[in-house]
Student: 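Below are the structure tokens for one structure; questions will follow.
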Amino acid sequence: MIYDFNSIEEKWLRKWKEEKAFEPRMDGEKFLITVPWPYCNGALHIGHGRTYTIGDIVARYKRMKGLNVLYPMGFHISGTPILAFSKKIENGDAQTINLYKSYLELYGDDPSKVSEFAIPDNIASYFSERIINDFTNMGFSIDWTRKFTSGEPIYNKFVEWQFSILKEKNLIKRGDYPILYSAEEGNPVGEDDILEGDTDKVSITQFTGVFFYFGNDILLASTVRPETLDGVTNIFMNPEIQYCRIRMRGQTFIVSRRGYEKLKYQRDAEFISDVDVNDYIYKMAREPLYSREIPIFPGKFVDPEIGTGVDYSVPAHSIWDHVGLMEISEKPEYIQVIEMENQRLDMEEIRKKFGISGLKDREKLVEATKYVYEQEFYHGKILKGRFKGRVVKDVKDLIIEDLIQMGIAIPVYETSRKAETREGNPVIVAVIKNQWFIDYSLEEWKEKVRKLIGRMDLKPDNLKNQFLQTVDWIKERPCARKRGLGTKLPMDTDWVIESLSDSTIYTVVYTIMPFLRRMRYEEIDNDLFDYIFFGSGDISRKSEATRNEANEARKEFLYWYPVDLRHTSYPHISNHLTFYLFNHVAIFPENEWPVGISTGGMVISEGQKMSKSKGNVYPLLTVKRKYGADLFRMYLASNADVWYDVDWRTSEVENYSKKLERFYSLLDEARSTTSEPDERDMWIVSRMIDRIEKSSRNYDSMRIREATIDLFFNALNDVRDLENFAGKERALRAVRKFAKEWALSLSPVIPFMSEEIYSMYGGDGFASLQRYPSMTNNFRDHEYEWEFIESIVEDFRSITKVSNMKPSRMIIGTAEEWKWKLLDESKSMDLKTLIKEATPEHRDFLLLLMKKKDIAPIVRNEEEVITKYKDDLSRYLNVEIVLSKEGAHTKKALPGRPAIRLE
RNA sequence: GCGGGGGUUGCCGAGCCAGGUUAAAGGUACCAGACUUAAGAUCUGGUUCCGUAGGGAUUCGGGGGUUCAAAUCCCCUCCCCCGCACCA
């Protein structure tokens with residue numbers, strides 16, 4: 001019989017919905033599980049389904065274990081992507097329009113409706129509807145009655161409440177902050193906005209702009225190695241680029257034009273006039289530390305695109321400077337300011353070593369520079385000044401701080417590589433003034449979070465370490481932006497709360513959303529939230545209806561919270577999950593802090609990272625239509641452990657489909673049997689009972705893969721073995737004995753098929769809502785007997801293989817009684833004494849016992865067992881079975897291993 | 001750089017935390033056979049090497065060590081992947 005997953009899955013979806021199977025009421029021991037809400041800007045693909053599938057498997061298992069499970073979900077719409085896409089559609093960007101047309105087509109909608117996506121809300125609402133549909137179809141046991149989005153007004157109120165608390169507790173502060181920026185586009189740029197930004201990351205590098213005095217002006221020389229300032233010998237300016245005079249912080253500076261263009265986004269800078277570079281070259285400037293006069297030399301290698309276009313030269317520690325000086329006739333005295341621990345770094349030697357002949361060997365110069373820099377950074381000791389004797393890496397930040405304090409340097413930011421936006425404009429660094437931060441650097445706050453981490457249930461094991469690590473290095477985080485969807489910052493409504501910061505404690509809203517929706521919107525305010533969450537806010541002046549709802553909401557919150565398990569993928573560890581912990585700790589009382597977190601891997605496809613260009617991105621909907629939800633779930637569950645990446649391989653997926661078919665038709669056929677199973681076949685029942693027992697432990701520790709492989713693949717292999725050995729009819733009779741329990745045990749993974757089989761066998765209610773099966777095993781002896789028979793089959797096989805014969809008779813001789821006796825004695829007595837007293841024949845056996853510790857018979861009555869299975873064995877191996885102690889071979893028989901002679 | 005995770009038999013991937021029951025689960029691929037008009041599907045057996053009796057030898061990135069015994073523990077070394085923030 002062919003399993004028609006489409007109609008069967010539809011049927012159960014309908015029934016679950018009709019009977020509100022997954023909309024729990026407060027009753028009994030609760031379990032709240034959450035997975036971060038999806039961002040709804042496009043069609044879901046197989047990668048999106050993973051964490052929700054794992055979440056659902058856990059939810060379903062816990063439900064079957066008798067817990068009252070709530071698995072809620074909402075939608076994330078805050079931030080810039082939706083906005084950016086709708087803007088591109090509005091502007092007629094062909095690529096984006098085609099992309100969204102393809103989404104519409106995928107979902108069977110009219111592609112011409114794409115123009116509606118010019119309104120961001122339409123993107124959000126369209127895809128959130130599709131996600132509900134996709135996830136429901138996947139069988140996720142989500143309670144949708146509690147859904148909401150991060151953009152809706154009620155939620156905005158909640159976030160405002162959250163931020164007012166953070167503010168009250170002094171966890172929010174302001175300051176300047178450098179970001180990547182496009183001057184032409186007037187926007188900050190993220191990874192997605194940068195050309196090849198995902199493959200070749202751009203970060204912000206802090207340079208130090210050092211002041212060199214020239215008349216009334218200051219030459220601003222930018223460097224990444226301010227620790228070498230003591231060794232400066234000259235300045236380089238590029239005679240081929242335009243310089244200018246600008247005013248900053250009450251002083252006038254000389255920088256390149258390009259440098260000014262960028263600098264003005266970092267601090268207040270006013271252009272005064274262009275200057276002629278020739279007025280500077282070969283003149284003298286004064287360096288700031290000792291007021292030494294040093295010359296300005298022409299240096300065409302000075303890159304106008306980097307920094308300020310003014311470089312100071314330290315030829316003793318820079319290969320560029322050394323080679324640069326070689327090319328002009330001047331030769332200043334080299335001043336060494338860093339000493340290596342165990343080697344001498346001489347620039348001339350380095351030059352030769354790297355085969356650099358001149359400035360034209362750019363690549364080699366870059367390579368050599370990197371080498372020198374790394375060596376001196378990690379192993380170089382400062383020779384002068386207050387940090388004398390210290391290693392560069394330990395004091396570099398202090399040196400920079402000193403120079404700034406002394407008023408002879410300022411920080412200058414530069415991108416880590418030359419980059420441009422996807423629209424072709426240069427990416428620069430801008431400094432955002434008065435940026436709002438959440439101050440995660442506060443030590444007492446961190447300490448509370450560490451305390452929480454210490455007591456949480458974290459999976460996998462190394463997660464704890466990763467969290468502690470993250471807590472250590474986490475600093476202030478900017479929490480608001482000037483653009484994007486989301487909630488306005490309550491204390492400064494020019495800003496929108498950044499999209500990760502607005503989603504840290506939202507899980508609590510699931511517990512109360514239905515109640516909030518029944519209130520008058522105007523009555524929802526900070527007092528109300530204080531009341532619901534802390535029992536403290538004054539709601540006495542609100543309407544009676546609202547007060548009632550608030551009371552119910554408070555009960556519901558106290559019942560469901562905290563979150564028992566939050567499951568997501570590992571990239572969230574160092575950001576979202578950490579914020580999640582910090583914010584809970586800051587806002588909620590200790591008994592509402594998160595209980596457990598688990599992280600899982602991602603999905604790759606056909607052995608590679610998913611990407612459109614590789615054509616290996618499969619939409620969830622397509623997969624569901626083609627293979628069904630059960631198959632998708634089964635594949636994800638069994639292909640890799642939760643913590644590792646899953647590899648979606650179409651060819652393997654097809655094979656899974658056959659296996660599921662086989663499972664279904666096997667249980668379907670088993671139904672038709674009427675008589676009780678043969679006693680000899682009860683071993684398979686014993687094994688199944690043990691497998692189910694074991695699976696319980698596996699599900700508990702989220703070893704879902706192991707549970708699935710054992711319950712499904714290994715169990716199916718047992719059935720196959722039994723079928724081969726005893727024939728189909730007998731196998732089916734045995735399978736019938738545990739069919740219902742088998743189906744139930746797999747219900748968390750393949751809920752639809754499980755429901756179908758369960759009902760086929762006359763089960764009441766939903767399989768999804770049954771207790772997880774558990775049976776007493778009275779058949780273990782049968783299993784031992786079977787193992788013994790299996791070992792005889794194995795021996796038979798290896799002998800026929802080696803001897804290359806087709807035997808017609810197998811003579812089996814079990815070990816003589818005295819061997820059993822000695823074996824028993826050897827367990828309670830010292831082997832050596834036994835050997836001393838033994839006859840020569842017995843001694844040989846005892847020596848063997850000493851050598852081979854694996855003589856561990858599993859059944860005592862071997863002859864009896866062989867007789868019992870004689871007919872089966874004979875039919876299966878197609879030989880006559882003779883049980884006899886006669887013949888030379890019997891001497892070789894051991895307990896647990898009878899002698900076999902083939903004829 | 002900082003932090004995390006890996007390198008296992010054709011491939012994917014278990015096992016290693018609690019050393020022996022591991023030539024090493026499961027899947028997949030391949031070979032042979034059965035079935036079939038044929039293909040596919042399915043089933044059976046096999047897939048490190050040697051061996052005409054259930055045996056032996058050599059394997060788990062490389063090197064060294066601990067142990068009666070190591071894929072599993074310790075040390076060194078080579079290589080690969082991932083996260084590092086304003087981006088959802």
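In what follows, chains are A, B, ... by sequence order, proteins preceding strands, each numbered from 1.
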Student: Expressed as a whole number of angstroms, how long is the span from A:R703:CZ to B:G15:P?
Tutor: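 Result: 9 Å.
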Student: Taking the minimum atom-to-atom distance to the side chain of A:R649, which one of B:G54, B:A88, B:C12 wins?
Tutor: B:C12
Student: Assess, by modelled atom type and distance only, whether the side chains of A:H76 and A:S503 contain a donor and an acceptor separated by less than 3.5 Å.
Tutor: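 A:S503 and A:H76 do have a side-chain donor-acceptor pair below 3.5 Å.
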Student: Pull out every protein N or O sitting under 3.5 Å from an N or O of nucleotides 24-32 of chain B, one pair per line with the distance.
Tutor:
none

Student: A:R477 side chain N/O closer than 4.0 Å to the phosphate oxygens (OP1, OP2) of B:C87?
Tutor: no
Student: Distance check, C1' atoms only: B:A69 and B:A32, in whole angstrom units.
Tutor: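 It comes out at 38 Å once rounded to the nearest Å.
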Student: Between B:U47 and B:C87, how far apart are the C1' atoms? Round to whole Å, please.
Tutor: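 B:C87 and B:U47 have their C1' atoms separated by 49 Å.
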Student: Looking at residues at least two apart in the chain, or sitting in another chain, which of them share a ring pair (Phe, Tyr, Trp, His ring centres under 6.0 Å) with A:Y784?
Tutor: none
Student: Find the distance A:I604:CD1 to B:C81:P and express it as a whole number of Å.
Tutor: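 So the CD1-P distance, A:I604 to B:C81, works out to 13 Å.
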Student: Using a cut-off of 4.0 Å on non-hydrogen atoms, how would the nucleic acid contact of A:Y570 be classed: base, sugar-phosphate, or nothing?
Tutor: sugar-phosphate
Student: What residues form a ring pair (Phe, Tyr, Trp, His ring centres under 6.0 Å) with A:F796, not counting sequence neighbours?
Tutor: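 Ring pair (Phe, Tyr, Trp, His ring centres under 6.0 Å) check on A:F796 returns nothing, list empty.
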Student: With a 4.0 Å limit, can you tell me whether A:N724 has a side-chain N or O closer than that to the phosphate oxygens OP1/OP2 of B:U44?
Tutor: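 Yes, because at least one side-chain N or O of A:N724 sits under 4.0 Å from OP1 or OP2 of B:U44.
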Student: Check the side chains of A:R566 and A:T34 for a donor-acceptor pair under 3.5 angstrom, ignoring hydrogens and angles.
Tutor: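 Checked: A:T34/A:R566 side chains pair up, N/O donor to acceptor below 3.5 Å.
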Student: Check every atom of B:A53, B:A85, B:G54 against the side chain of A:S798 and return the nucleotide holding the closest atom.
Tutor: B:G54
Student: Which residue, A:N575 or A:D645, contacts RNA chain B at a nucleotide closer to its 5' end, judged by nearest heavy atom?
Tutor: A:D645
Student: Using Watson-Crick or G-U wobble geometry with both distances under 3.5 Å, which nucleotide pairs with B:U21?
Tutor: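 Per the H-bond distance test, none.
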Student: State whether A:R797 places a side-chain N or O below 4.0 Å from either non-bridging phosphate oxygen (OP1 or OP2) of B:G45.
Tutor: yes
Student: Does A:K482 qualify as a cation-pi partner of A:W495, given the criterion of NZ or CZ under 6.0 Å from the six-membered ring centre and within 45 degrees of its axis?
Tutor: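 Ring-cation test returns yes.
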Student: Under 3.5 Å, which donor-acceptor pairs do the side chains of residues 711-722 of chain A form with other protein atoms, sequence neighbours left out?
Tutor:
residue	atom	partner	partner atom	Å
A:N714	ND2	A:D710	OD1	3.1
A:N717	OD1	A:R720	NH1	3.4
A:D718	OD1	A:R687	NH1	3.0
A:D718	OD1	A:R691	NH2	3.4
A:D718	OD2	A:R691	NE	3.4
A:D718	OD2	A:R691	NH2	2.7

Student: Round to the nearest Å and state the distance from A:K475 atom NZ to B:C84 atom C1'.
Tutor: 9 Å
Student: Using whole Å, report how far CD1 of A:I573 lies from C1' of B:G83.
Tutor: 8 Å
Student: At under 4.0 Å between heavy atoms, what does A:H76 touch on the DNA or RNA strands: base, sugar-phosphate, or nothing?
Tutor: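 Sugar-phosphate: the residue A:H76, judged by heavy atoms under 4.0 Å, touches backbone atoms but no base.
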Student: Does B:U28 pair with anything, Watson-Crick or G-U wobble, both distances under 3.5 Å, and if so, with which nucleotide?
Tutor: B:G10
Student: Below 30° counts as parallel, above 60° as perpendicular, anything between as tilted: where do the rings of A:H45 and A:H48 land?
Tutor: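 Answer is tilted, since the angle falls between 30° and 60°.
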Student: Answer with base, sugar-phosphate or nothing: what part of the nucleic acid does A:L500 contact at a heavy-atom distance below 4.0 Å?
Tutor: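 Here A:L500 touches the bases of the nucleic acid.
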Student: Provide the distance between the two C1' atoms, one in B:A70 and one in B:G33, to the nearest whole Å.
Tutor: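 It works out to 39 Å between them.
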Student: So what does A:P898 hit on the nucleic acid, given a heavy-atom distance under 4.0 Å: a base, only sugar-phosphate, or nothing?
Tutor: base
Student: In whole Å, I'd like the distance from the CZ atom of A:F579 to the P atom of B:A88.
Tutor: 12 Å
Student: Using the P atom on both, measure B:A71 against B:C60 and round to a whole Å.
Tutor: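 The answer is 7 Å between these two P atoms.
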Student: How many whole angstroms separate atom CZ of A:F75 from atom C1' of B:A88?
Tutor: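 Distance, rounded to whole Å: 16 Å.
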Student: Expressed in whole Å, how much space separates the P atoms belonging to B:U59 and B:G54?
Tutor: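 One P to the other, the span is 23 Å.
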Student: Nearest to the A:Y39 side chain among B:C43, B:G55, B:A88, which nucleotide is it?
Tutor: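 Of the candidates, B:A88 comes closest.
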Student: Look through every strand shown and name the nucleotide pairing with B:A57 as Watson-Crick or G-U wobble, where both distances are under 3.5 Å.
Tutor: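 In the structure as shown, B:A57 has B:U48 as its Watson-Crick or wobble partner.
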Student: Which whole-number value in Å describes the distance from A:H572 NE2 to B:G83 P?
Tutor: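 For the pair A:H572 NE2 and B:G83 P, the rounded distance is 12 Å.
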Student: Less than 4.0 angstrom from a charged side-chain N to a carboxylate O is my criterion; do A:R730 and A:E723 meet it?
Tutor: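 No, A:R730 and A:E723 are not salt-bridged.
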Student: Starting at the 5' end of nucleotides 3-10 of chain B, put B wherever the base has a protein heavy atom under 4.0 Å, S where only the sugar-phosphate does, and a dash everywhere else.
Tutor: SSSS----
Student: How is A:K658 classified with respect to the nucleic acid when contacts are heavy atoms under 4.0 Å: base, sugar-phosphate, or nothing?
Tutor: sugar-phosphate
Student: Look at the rings of A:H576 and A:Y506 and say which category their plane angle falls in: under 30° parallel, 30 to 60° tilted, over 60° perpendicular.
Tutor: tilted
Student: When all nucleic acid strands are considered with a 4.0 Å heavy-atom cut-off, which category describes A:P478: base, sugar-phosphate, or nothing?
Tutor: base
Student: What does A:N41 touch in the nucleic acid at a heavy-atom separation under 4.0 angstrom: a base, only the sugar-phosphate, or nothing?
Tutor: nothing
Student: Under 4.0 Å between any heavy atoms, over every strand shown, what does A:S78 touch: base, sugar-phosphate, or nothing? Just pick one.
Tutor: sugar-phosphate
Student: For A:D472, is the CG atom crowded, meaning more than 12 foreign heavy atoms sit under 6.0 Å from it?
Tutor: yes
Student: Between B:U21 and B:G55, how many Å separate the two P atoms, rounded to a whole number?
Tutor: 14 Å
Student: Using the ring pair (Phe, Tyr, Trp, His ring centres under 6.0 Å) criterion, which residues pair with A:W643? Sequence neighbours excluded.
Tutor: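 Counting only residues at least two positions away or on another chain, A:W643 forms no ring pair (Phe, Tyr, Trp, His ring centres under 6.0 Å).
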Student: What distance, rounded to whole Å, do you find between the two P atoms, one in B:C31 and one in B:A39?
Tutor: 13 Å
Student: NA contact type, A:T80, heavy-atom cut-off 4.0 Å: base, sugar-phosphate, or nothing?
Tutor: sugar-phosphate
Student: For B:U66 versus B:C75, give the span between their P atoms, rounded off to a whole number of Å.
Tutor: 15 Å
Student: Can you see whether A:T487 engages A:D502 through a side-chain donor-acceptor pair at a distance of less than 3.5 angstrom?
Tutor: no
Student: May I have the step-by-step check of side-chain contact (heavy atoms from CB on, under 4.5 Å) for A:I432 and A:D176, ending in yes or no?
Tutor: CA-CA 6 Å; A:I432 302 285; A:D176 294 348; over 6 Å; no
Student: In whole angstroms, how far is the P atom of B:C84 from the CZ atom of A:F467?
Tutor: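 My rounded result for the distance is 14 Å.
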Student: The side chain of A:P81 lies closest to which of these nucleotides: B:C82, B:A53, B:A88?
Tutor: B:A88
Student: Please determine whether a side-chain nitrogen or oxygen atom of A:S574 lies at a distance below 4.0 Å from atom OP1 or OP2 of B:G83.
Tutor: no
Student: Considering every strand shown, what is the Watson-Crick or G-U wobble mate of B:C2 when both distances are under 3.5 Å?
Tutor: B:G83
Student: With both distances under 3.5 angstrom, what nucleotide forms a Watson-Crick or G-U wobble pair with B:G33?
Tutor: B:C43
